[in-house]
There are 2 protein chains.
Amino acid sequence: MARQRKKFVRKSIPFRKDSLISATLSLIATEGIDAATVRAIAKHADVTPGLIRYYFSTKEDLISAAYKRHMSTLTGASHVSLQSMENVKPAERLAAFVSASLTPPVVDPGSVALWAAFLNRIQNDEKIRIAHKEAYYDFRDRLEVLIGDVFAQLGKNVKACELVRLAIASNAVIDGLWLEGGALPDAFKPGEIAEIGLKSIGAIIGVALPKGAYEYENHSAG
Amino acid sequence: MARQRKKFVRKSIPFRKDSLISATLSLIATEGIDAATVRAIAKHADVTPGLIRYYFSTKEDLISAAYKRHMSTLTGASHVSLQSMENVKPAERLAAFVSASLTPPVVDPGSVALWAAFLNRIQNDEKIRIAHKEAYYDFRDRLEVLIGDVFAQLGKNVKACELVRLAIASNAVIDGLWLEGGALPDAFKPGEIAEIGLKSIGAIIGVALPKGAYEYENHSAG
DNA sequence: TCACTAATTATACAATTGTATAATTTCTAT
DNA sequence: ATAGAAATTATACAATTGTATAATTAGTGA
């Protein structure tokens with residue numbers, strides 16, 4: 001008889017790490033943090049539990065890596081929206097950024113659940129606390145730049161501390177809407193959250209933000 | 001020799017339930033959800049693990065009860081601020097409500113951690129999902145009434161759907177600021193969050209909200 | 001004082017958890 | 001082809017978990 005089928009296939013280190021991180025995120029998002037046991041994660045990644053320890057020295061290491069990837073996914077989605085918009089009016093760039101942050105896949109129950117699961121560890125896990133802080137300031141600073149650009153183009157002169165205040169407030173609007181949209185997906189119509197976000201941030205900074213920006217709304221209605 | 005010291009004291013049902021719920025909340029808030037084991041909770045409540053099952057048929061029951069109490073604590077804190085303000089101008093009542101929601105003890109790391117721990121279960125635990133939904137709408141509706149009163153007093157006519165939108169947006173501002181203030185307590189000066197909240201919501205609804213409302217700010221500055 | 005009820009503790013148990021280590025299998029270089 | 005290194009699986013283990021049940025203890029009314 002022919003040689004028996006292979007019992008496993010060797011994969012590269014990045015591949016396996018990615019698989020395990022993806023499996024971890026997927027499990028936490030869909031079944032909650034308690035479901036993310038080493039055995040469940042391994043099964044989800046089509047791998048044996050022992051392999052986890054081969055790539056991550058401890059489970060906390062894996063969780064920490066998963067957190068970082070989730071955060072970069074979140075912030076990355078908003079960031080991508082600004083590429084190829086170099087020559088677009090500042091107000092439209094800001095609107096695109098806000099829209100992207102308040103539209104699927106950023107606004108998503110699993111995404112919020114994931115974030116909440118990690119937030120729970122923020123107090124007792126320094127790695128996660130630092131990562132959270134960095135992600136928060138990164139996002140807020142980007143928002144501040146975008147808002148500053150809008151004012152610059154309009155010739156408005158705004159004090160630095162005032163600009164910070166507006167960025168904090170705009171960030172809060174996005175966070176709050178993102179949260180509610182993800183936690184209570186049935187409570188809002190599609191597009192409603194992004195629309196409210198645009199109007200609200202527009203009111204806060206005193207500049208109307210164009211609605212229905214680019215890729216995020218259906219073009220047929222424009 | 002005298003009779004040996006009592007090995008335990010009998011307490012009333014509400015007392016023990018309260019103790020156990022408090023211990024649960026305290027543990028989750030300070031050490032995270034994983035630390036809230038039946039044994040740790042019992043120890044925290046100066047009780048034997050077995051007693052938990054005497055008052056709560058399952059651990060999930062206890063967790064669920066703890067969630068409800070936490071939510072009513074949160075919303076209650078904002079609600080109390082409106083009592084004995086029946087004859088105050090609507091804008092000041094709204095301001096007091098916002099201030100109370102964005103000031104300790106509502107804004108607090110433990111409070112946010114607690115809320116995040118429960119949010120993680122929102123997808124897979126129907127009881128918690130329903131409780132969350134109710135708490136959200138309860139808070140938002142109250143906000144909507146307060147905003148509506150402000151407009152009524154100013155003689156402004158605002159459509160119902162527009163009022164809802166403003167309540168959603170204001171709620172998002174509060175949620176976002178509350179979250180960031182609790183998760184990153186060092187990132188903000190005392191009173192800064194409440195101040196930003198008042199200005200932002202004021203901008204959103206188009207009505208300046210009085211700062212330094214009542215009990216929440218130091219009276220010496222007034 | 002004394003039984004009786006209900007609250008509390010004590011003990012036990014099976015399942016699950018993270019981790020450690022030994023045993024295999026695959027792939028690559030020679 | 002084959003040996004050796006590296007990746008993967010297999011197995012084991014002690015600790016912890018939620019829960020169930022039996023054994024005590026405290027308070028109450030007669």
Side-chain angles (χ1 to χ4, degrees), chain A residues 1-24 27-28 31-67 117 120-121 124-125 127-128, chain B residues 1-24 27-28 31-67 117 120-121 124-125 127-128:
Chain A
M1 70 180 186
R3 171 89 160 285
Q4 204 176 353
R5 185 153 120 253
K6 273 190 287 197
K7 294 194 173 175
F8 61 84
V9 182
R10 291 181 160 202
K11 292 292 173 65
S12 70
I13 295 175
F15 178 91
R16 279 275 126 93
K17 282 200 169 189
D18 266 29
S19 299
L20 291 170
I21 290 175
S22 295
T24 305
L27 267 173
I28 297 177
E31 301 182 45
I33 186 89
D34 289 343
T37 67
V38 286
R39 285 167 180 80
I41 293 169
K43 199 172 189 177
H44 220 72
D46 259 317
V47 140
T48 279
L51 199 66
I52 289 183
R53 256 186 61 75
Y54 187 75
Y55 288 103
F56 299 93
S57 68
T58 174
K59 189 195 173 185
E60 203 190 311
D61 263 31
L62 171 56
I63 297 285
S64 177
Y67 175 73
N120 187 243
R121 320 212 144 181
N124 305 94
D125 187 329
K127 277 185 187 174
I128 288 190
Chain B
M1 70 183 187
R3 171 91 163 281
Q4 203 175 352
R5 184 151 119 257
K6 272 190 288 194
K7 294 193 173 176
F8 60 84
V9 182
R10 292 183 160 199
K11 293 291 172 66
S12 70
I13 295 176
F15 177 90
R16 279 274 127 92
K17 282 200 168 189
D18 265 29
S19 299
L20 291 171
I21 290 175
S22 295
T24 304
L27 267 173
I28 297 178
E31 301 181 43
I33 184 92
D34 289 344
T37 67
V38 287
R39 285 166 180 80
I41 293 169
K43 199 172 191 177
H44 219 73
D46 259 316
V47 139
T48 279
L51 198 67
I52 289 182
R53 257 187 62 76
Y54 187 75
Y55 287 103
F56 298 93
S57 68
T58 174
K59 189 194 174 187
E60 204 191 309
D61 263 31
L62 171 55
I63 296 285
S64 177
Y67 175 73
N120 187 243
R121 319 215 145 178
N124 304 95
D125 187 329
K127 277 185 187 173
I128 288 191

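The chains referred to below are lettered A, B, ... by the order of the sequence lines, with proteins before strands, and numbering in each begins at 1.
- For D34(B) and dG18(C), the CG to P distance is 10 Å, given to the nearest whole Å.
- Distance, I52(B) CD1 to dA20(D) P: 14 Å, rounded to whole Å.
- Here dA22(C) presents its P atom at 13 Å from CZ of R53(A), a figure rounded to the nearest Å.
- Using a 4.5 Å heavy-atom cutoff, the side chains of N120(A) and I33(A) are not in contact.
- Annotation: side chain to side chain contact (heavy atoms under 4.5 Å, CB included) contacts of A66(A) (sequence neighbours excluded): I21(A), T24(A), L25(A), F118(A).
- Rounded to a whole Å, the CD1 atom of I33(B) is 10 Å from the P atom of dG18(D).
- When all heavy atoms of I41(A) and L62(A) are compared, the closest pair comes out as CD1-CD2, 4.0 Å.
- In this structure, A65(B) and F56(B) approach most closely via the heavy-atom pair CB-CE2, 4.0 Å.
- Residues satisfying the side chain to side chain donor-acceptor pair (under 3.5 Å) criterion with T37(A), sequence neighbours excluded, are absent altogether.
- Across every non-hydrogen atom of Y67(A) and I128(A), the tightest pair is CE2-O, 3.9 Å.
- One can place NZ of K11(A) at 10 Å from P of dC27(C), the figure rounded to the nearest angstrom.
- At whole-Å resolution of the value, NZ in K43(A) and P in dA10(D) are 13 Å apart.
- Rounded to the nearest 0.5 angstrom, S19(A) OG and D46(A) CG are separated by 9.0 Å.
- Side chain R39(B) to base dG18(D): a donor-acceptor pair is found below 3.5 Å.
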Give me the distances for all protein-to-nucleotides 27-30 of chain D N/O pairs that come in under 3.5 Å?
unit_1  : atom_1 : unit_2 : atom_2 : d
dG27(D) : OP1    : K6(B)  : NZ     : 3.4
dG27(D) : OP2    : K6(B)  : NZ     : 3.2

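- Residue G50(A) is the one, among G50(A) and A35(B), whose nearest nucleotide of DNA chain D lies closer to the 5' end (criterion: closest heavy atom).
- Checking the phosphate oxygens (OP1, OP2) of dT9(C), no side-chain nitrogen or oxygen of K7(B) falls inside 4.0 Å.
- Residues passing the side chain to side chain donor-acceptor pair (under 3.5 Å) test with T48(A): none are found, sequence neighbours excluded.
- A pairwise comparison of heavy atoms in R16(A) and V9(A) identifies NH1-O, 3.5 Å as the closest pair.
- With distances taken from any side-chain atom of T48(B) to the nucleotides dT17(C), dT9(C), dT8(D), the minimum falls on dT9(C).
- Pairs passing the salt bridge (charged side-chain N to carboxylate O under 4.0 Å, His left out) check and including a residue from residues 51-67 of chain A, sequence neighbours excluded, read D61(A)-K127(A).
- Not counting sequence neighbours, the partners of Y54(A) by the side chain to side chain contact (heavy atoms under 4.5 Å, CB included) test are L51(A).
- Remark: Y54(A), Y55(A) in residues 54-63 of chain A come within less than 4.0 Å of DNA chain D through at least one heavy atom.
- Every residue meeting the side chain to side chain contact (heavy atoms under 4.5 Å, CB included) condition with F8(B), not counting sequence neighbours, appears here in chain and number order: R10(B).
- The stretch residues 32-45 of chain B participates, sequence neighbours left out, in these salt bridge (charged side-chain N to carboxylate O under 4.0 Å, His left out) pairs: R121(A)-D34(B).
- DNA chain D lies under 4.0 Å from no heavy atom of any residue of residues 12-23 of chain B.
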Extract from the structure each pairing of a protein N or O with an N or O of nucleotides 1-4 of chain C at less than 3.5 Å, listing the distance.
none

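- Atoms CD1 and CD1, on I28(A) and I63(A) in that order, are 4.5 Å from each other to the nearest 0.5 Å.
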